[in-house]
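Residue numbers start from 1 in every chain, and the chains themselves are labelled A, B, ... in the order their sequence lines are given, proteins ahead of strands. In this text, all values refer to a predicted model and were calculated from it rather than measured experimentally.
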There are 2 protein chains.
Amino acid sequence: MSKDEPRVGIIGAGQLGRMLALAGYPLGIECVLLDKDPRSPGAQVAPSIAAELDDHDALRRLARGVDVVTLDIENVSIDALAALAGVAEIRPPVAAVAAAQDRLAEKELFRELGIPAAPFVAIDRAEDLGHAAALGWPLLLKTRRLGYDGRGQRLARSRDELEAAWAELGQRPAIAEGWVRFDRELSLVGARSSREAAFYPLAENTHRDGILVSTVAPFEDAKLQRQAESWLRAIFDRFDYRGVLTIELFSTRDGLLANEIAPRVHNSGHWTIEGAETSQFENHLRAVLDWPLGDTAARGYAGMLNLLGSMPPRERVLAFRGAHLHDYGKDPRPGRKLGHCTLLDGSRDRLLERLDELRAVLA
Amino acid sequence: MSKDEPRVGIIGAGQLGRMLALAGYPLGIECVLLDKDPRSPGAQVAPSIAAELDDHDALRRLARGVDVVTLDIENVSIDALAALAGVAEIRPPVAAVAAAQDRLAEKELFRELGIPAAPFVAIDRAEDLGHAAALGWPLLLKTRRLGYDGRGQRLARSRDELEAAWAELGQRPAIAEGWVRFDRELSLVGARSSREAAFYPLAENTHRDGILVSTVAPFEDAKLQRQAESWLRAIFDRFDYRGVLTIELFSTRDGLLANEIAPRVHNSGHWTIEGAETSQFENHLRAVLDWPLGDTAARGYAGMLNLLGSMPPRERVLAFRGAHLHDYGKDPRPGRKLGHCTLLDGSRDRLLERLDELRAVLA
């Protein structure tokens, strides 16, 4: 790339950083990543700095060499990010990252913006456990910080179980959340620059043990789409947001509830690489550079399967007609997200059939 | 990438090598490139060795570190390639590369396989120019070697002009080719592994001054598609071919004529990145690694515009709804291929209208 090519710094170089870097090259963007693992998924495809994510010197080195700094993971030290103010633009805004890091702040954000969510009680000390009973049983106890992919969560069916759960979670600050009976889990991915916002169609997600296993998109419901977009737009405006933001939702008998937000590209948006006119990765880069956003329309129907724990034989995946393989270059480990696979189809029913066939092939 | 990831060596690191490397990452393939320019388009996105393409030591170094060696340019020294035998597999086969390098060998290949092409006369010495008159006027004089993008070609409307043209071309071995009145220029891109062959739909190409300026695909004509596939299949079989091969064709009042072949991915196949289920780049990698080939079906209609000489302002391209930008990271130079831009549409008529609008925006 010539010297005047835009450069984007990415804190974290997992699969999200990797796919961001790959989306950057066709646009003439060079991404530079920061990750403690010198052979991280991102470092395999783009220049990277090997350092801890909260290493202030390394962060400053990253920031000085780029036009804008963004994240592939939300659990980055807010202090470390704040210290970059004046060195480089941080996008998304640090305040949005801070809210997404803390389940209590997230819930309070939803409440402030009038976005319905499951009822909750803050658990800061043992006495607070008593108030949780008002939520009814069962309930979920979730640590305020460092929760993702089902970590830091416990189900409690009684006061005794709740006490035990809080002890297991190290009596860390937490929230108790009322149990939500949902019909389906949805997510909305949107992008915002200083001039515009763009929203992908809703996606329907399936989790197992708290980990996303598959996504089918678009989930077509004009009313829910409008509602979810209005919520994401409220969050965008609240933070003068820049970049891609994802909101996870429960669809219940009584309507849509917000579950959580991620201030970044999201696993439930991987289908957009082949399934939308512009991928979430390209749109995140366009948004953080304040370039025009790309068309978010779906191209038919897409189904995405996560490849967890171990990679299936590559030739078996590639022999499946229309299967798009994404290998993150990671070492196998039980439950670890090693890659994903996307199928496309003009018919939703046929897509679901073919997804079942692909699941069988991968099993 | 972990150590058991497949590695592909690519001789040449222009935009084709760059797009091959980018197509490799999601499949878990690491490409290593060889190019004299350490900031070549390919070297900006993948590891590369900086050396001349006929540097035997550098070629051996490249070959030793990879599973298979392939090309982003056909004008590679056949001697240098032959010297790699025993070090690494070369795919496509060296004999196919040799035929594509030499317009006379190419014409003889077409003749041997019964593939109709423009009539020609070999010009090895001044006396041969006299035989060329039998082709009628005007005719094209083309050097046997190093001709691409209209280079090494002269139009001659008379015996005098022919003599002058041959002098201008340095009296190098050439062919005189009868003038073809064609309705349109088409190309067929296909891929072949040891087990299967797959063909993209025909694409329609527009050249200016011998340089491709735009492609629209698919060009839908079942009879021409069948005929072109049968020719490409014959060439595949002749060489026990591995990889992507492109044949450029003239569609004339009297039927299809072969123009030339390229033993590689091709500018007229760039539309496949967004416009086909599997891109030509991914399929070339699958083919040279002898993996199952990917689906070559088109996804609606695609139009590709080359960005020649200078890059339009990036934001202007990105503001055009549905425009997919591919910036090769090259320095501007008159006539140079610096990037391309692809539009998609479900309707061919609407695509052509939008392509005109995009052309106006880029002008």
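- Contacts between Arg316(A) and chain B at a heavy-atom distance below 4.5 Å are absent for every atom of the residue.
- To the nearest 0.5 Å, atom CZ of residue Arg314(B) and atom CZ of residue Arg286(A) are 11.0 Å apart.
- Here Thr215(B) pairs with Ala203(B), Asn205(B), Leu212(B), Ser268(B), Trp271(B), Met304(B) under the side-chain contact (heavy atoms from CB on, under 4.5 Å) rule; sequence neighbours left out.
- In Arg359(A), the CZ atom is crowded: over 12 heavy atoms of neighbouring residues, nucleotides or ligands sit closer than 6.0 Å.
- You'll find the side chain of Leu27(B) reaches within 4.5 Å of the side chain of Leu318(A), heavy atoms only.
- Inspection of non-hydrogen atoms places Ala319(B), Arg321(B), Gly322(B), Ala323(B), His324(B), Leu325(B), His326(B), Asp327(B) of residues 319-327 of chain B under 4.5 Å from chain A.
- For Arg348(A), the CZ atom is loosely surrounded, since the number of other residues' heavy atoms within 6.0 Å does not exceed 12.
- For the pair Arg299(B)/Arg299(A), a side-chain contact is recorded, criterion being any heavy-atom separation below 4.5 Å from C-beta on.
- In this structure, Tyr25(B) and Gln44(A) have side chains that are not in contact, with every pair of non-hydrogen atoms separated by 4.5 Å or more.
- Every residue was checked against the side-chain contact (heavy atoms from CB on, under 4.5 Å) condition with Ser310(B), not counting sequence neighbours, and none meets it.
- Partners of His284(A) by ring-ring contact (aromatic ring centres under 6.0 Å, His included), not counting sequence neighbours: none found.
- Heavy atoms of Leu293(B) lying under 4.5 Å from chain A belong exclusively to its backbone.
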